There are 2 protein chains.
Amino acid sequence: MYEVFFQKFRDKVSLTKEEEGLIKQFLTPKKLRKKQYLLQDGDVCKHIAFVEKGALKAYTVDESGTEHIVQFALEGWTISDLYSFLTGEPATYNIDAVEDSELILISKAAHEELLQQLPKYETYIRLQITGAYIALQKRLTSIISLPLEERYKHFTTTYPDIAQRVPQHMIASYMGLTPETLSRIRSRIFSRK
Amino acid sequence: MYEVFFQKFRDKVSLTKEEEGLIKQFLTPKKLRKKQYLLQDGDVCKHIAFVEKGALKAYTVDESGTEHIVQFALEGWTISDLYSFLTGEPATYNIDAVEDSELILISKAAHEELLQQLPKYETYIRLQITGAYIALQKRLTSIISLPLEERYKHFTTTYPDIAQRVPQHMIASYMGLTPETLSRIRSRIFSRK
DNA sequence: AAAACCCATTGATTTTGGTCAATGGAAAAT
DNA sequence: ATTTTCCATTGACCAAAATCAATGGGTTTT
């Protein structure tokens with residue numbers, strides 16, 4: 001149940017068996033069926049969720065009811081409304097399951113306790129958030145500097161797993177496009193080469 | 001010379017005079033004239049730069065020679081090509097001074113040494129990068145979910161200082177627009193209210 | 001003080017993506 | 001097995017932003 005989590009952890013910081021056991025006490029497993037919410041806009045985000053299996057998405061919904069996907073998370077990724085988690089303010093994102101999923105939850109209390117008790121946990125969190133920041137900055141850069149067709153190619157080469165598993169209209173939403181436009185971009189790419 | 005830096009540091013983590021002295025040994029001040037480069041695309045990013053005074057921008061340049069601004073940094077902000085800094089890969093951003101500026105540089109060696117010697121430094125870095133991540137995620141959300149006019153308003157209310165000090169064509173670039181389009185959006189906003 | 005440059009604005013036109021609508025196929029529900 | 005539902009695609013049309021081009025106000029340079 002915790003294999004992927006500790007694998008990712010050890011990729012960043014080495015752990016003894018004892019430390020692993022200590023951490024385990026603070027983790028809560030949770031299963032989520034496809035389309036179930038992990039978090040709803042307006043609620044306070046109570047957990048950081050690590051994806052052991054499955055796929056989730058974080059998104060906003062505008063007045064017209066359109067979803068705008070902010071983030072996908074597959075196995076090995078972490079998802080939350082970090083601002084809400086840290087401040088206790090109501091969340092501005094919804095998070096739900098794109099597929100049946102298995103998660104590992106870290107509550108605010110557990111997070112703070114681990115930061116206190118285990119310096120390696122702080123290092124893990126620091127490296128984890130740093131990686132997320134860099135990935136986000138690259139995404140932003142591709143949005144402001146690449147033409148649409150290049151952006152789509154960049155996306156599919158950076159995240160081939162997401163491109164394969166997730167319905168196209170969600171990818172369109174993630175890219176800030178309508179499904180029709182993404183479909184046309186794809187057909188242009190295929191016909192041209 | 002180090003006032004703003006330690007002020008920001010203490011906002012996140014308290015420091016004794018001794019600790020402050022220790023950190024100071026690892027910092028290098030640097031002045032930059034308007035338009036001077038701090039980092040050029042292709043070079044390795046050797047430092048994290050903290051802005052004591054002035055304003056910098058990080059940007060890419062596409063084949064047509066157009067700049068795409070990824071980030072601004074005013075007093076109290078930090079700027080670098082973090083990916084290049086951490087991995088030693090060539091940078092993909094240029095960074096230069098929008099105004100005459102005073103910086104505090106942290107080299108890779110200094111960064112690693114401080115992480116080793118001073119747990120509070122790691123905490124500072126963790127909180128700092130967390131804040132940057134949240135800000136970036138908000139920016140991304142506004143890009144994919146808000147209509148242009150709202151996005152501009154969001155920008156000016158979130159960063160009134162940048163909106164005032166930086167030329168409009170740079171803000172257009174930061175928003176992924178042409179200067180003409182931003183100008184028209186502004187005139188629409190002013191005439192409408 | 002004049003010249004050169006930078007920059008914001010405005011107009012005319014083109015390009016690009018969005019909207020509305022219909023179709024067909026595949027997957028899920030009954 | 002058959003009906004729904006969901007989803008990708010395509011077409012016609014519309015709206016929005018980019019491009020091209022010109023103007024004039026400010027700065028800075030000389």
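Being a predicted model, the structure only gives us computed values, none of them experimental. First the proteins, then the strands, lettered A, B, ... as listed; each starts at 1.
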Which angle, rounded to 10°, do you find between the first-five-pair axis and the last-five-pair axis of the helix from dA1(C)-dT30(D) to dT30(C)-dA1(D)?
-> 50°
When D96(A) is tested against each of K57(A), K34(A), Q36(A), K35(A) for side-chain hydrogen bond (donor to acceptor under 3.5 Å, both in side chains), which residue passes?
-> K57(A)
To the nearest Å, give me how far apart CD1 (I171(A)) and C1' (dC6(D)) are.
-> 16 Å
Within a radius of less than 6.0 Å around CZ of R33(A), do more than 12 heavy atoms belonging to other residues, nucleotides or ligands occur?
-> no
Are the side chain of E3(A) and the backbone of M1(A) linked by a donor-acceptor contact shorter than 3.5 Å?
-> yes
Euclidean distance, atom CZ of residue R186(B) to atom P of dA17(D) [Å, nearest integer] = 16 Å
Decide yes or no for Y174(A) and F72(A): does some side-chain heavy atom of the first lie under 4.5 Å from some side-chain heavy atom of the second?
-> yes
Rounded to the nearest angstrom, tell me the gap between atom CD in E180(A) and atom P in dA15(D).
-> 16 Å
Euclidean distance, atom OH of residue Y152(B) to atom P of dA17(D) [Å, nearest integer] = 15 Å
For the pair made of CD in E149(B) and P in dA15(D), what is the distance, rounded to whole Å?
-> 17 Å
Is R10(B) positioned over the aromatic face of Y124(B), cation under 6.0 angstrom from the ring centre and no more than 45 degrees off axis?
-> no
Considering heavy-atom distances to DNA chain D, does R184(A) or H169(A) have its closest nucleotide positioned more toward the 5' end?
-> H169(A)
Distance test, side-chain N/O of T181(B) to OP1/OP2 of dA18(D), below 4.0 Å | yes
Relative to the 5' end of DNA chain C, which residue comes earlier, K35(B) or S183(B), by the nucleotide with the nearest heavy atom?
-> K35(B)
Round to the nearest Å and state the distance from R151(B) atom CZ to dA16(D) atom P.
-> 15 Å
Is the Lys NZ or Arg CZ of R165(A) less than 6.0 Å from the centre of Y159(A)'s six-membered ring, within 45° of the axis?
-> no
Walking along DNA chain C from 5' to 3', note the first and the last nucleotide with an atom under 4.0 Å from a heavy atom of chain B, and give both.
-> dC7(C) to dA12(C)
Looking at Y83(A), does the NZ or CZ of K138(B) lie under 6.0 angstrom from its six-membered ring centre and within 45 degrees of the ring axis?
-> yes
Can you give one letter per nucleotide of nucleotides 23-29 of chain D, going 5' to 3': B for a protein heavy atom under 4.0 Å from the base, S for sugar-phosphate only, - for none?
-> -------
For H111(B), the option from F50(B), F26(B), Y121(B) that meets ring pair (Phe, Tyr, Trp, His ring centres under 6.0 Å) | Y121(B)
To the nearest 0.5 Å, atom CG of L177(B) lies from atom OG of S183(B) at 11.5 Å
Take atom NZ of K46(B) as the centre, draw a 6.0 Å sphere, and report whether it contains more than 12 heavy atoms from other residues, nucleotides or ligands.
-> no
Within the structure shown, what part of the strands sits under 4.0 Å from L148(A) by heavy-atom distance: base, sugar-phosphate, or nothing?
-> sugar-phosphate
Output the distance between atom OG1 (T157(A)) and atom OH (Y152(A)), rounded to the nearest 0.5 Å.
-> 10.5 Å
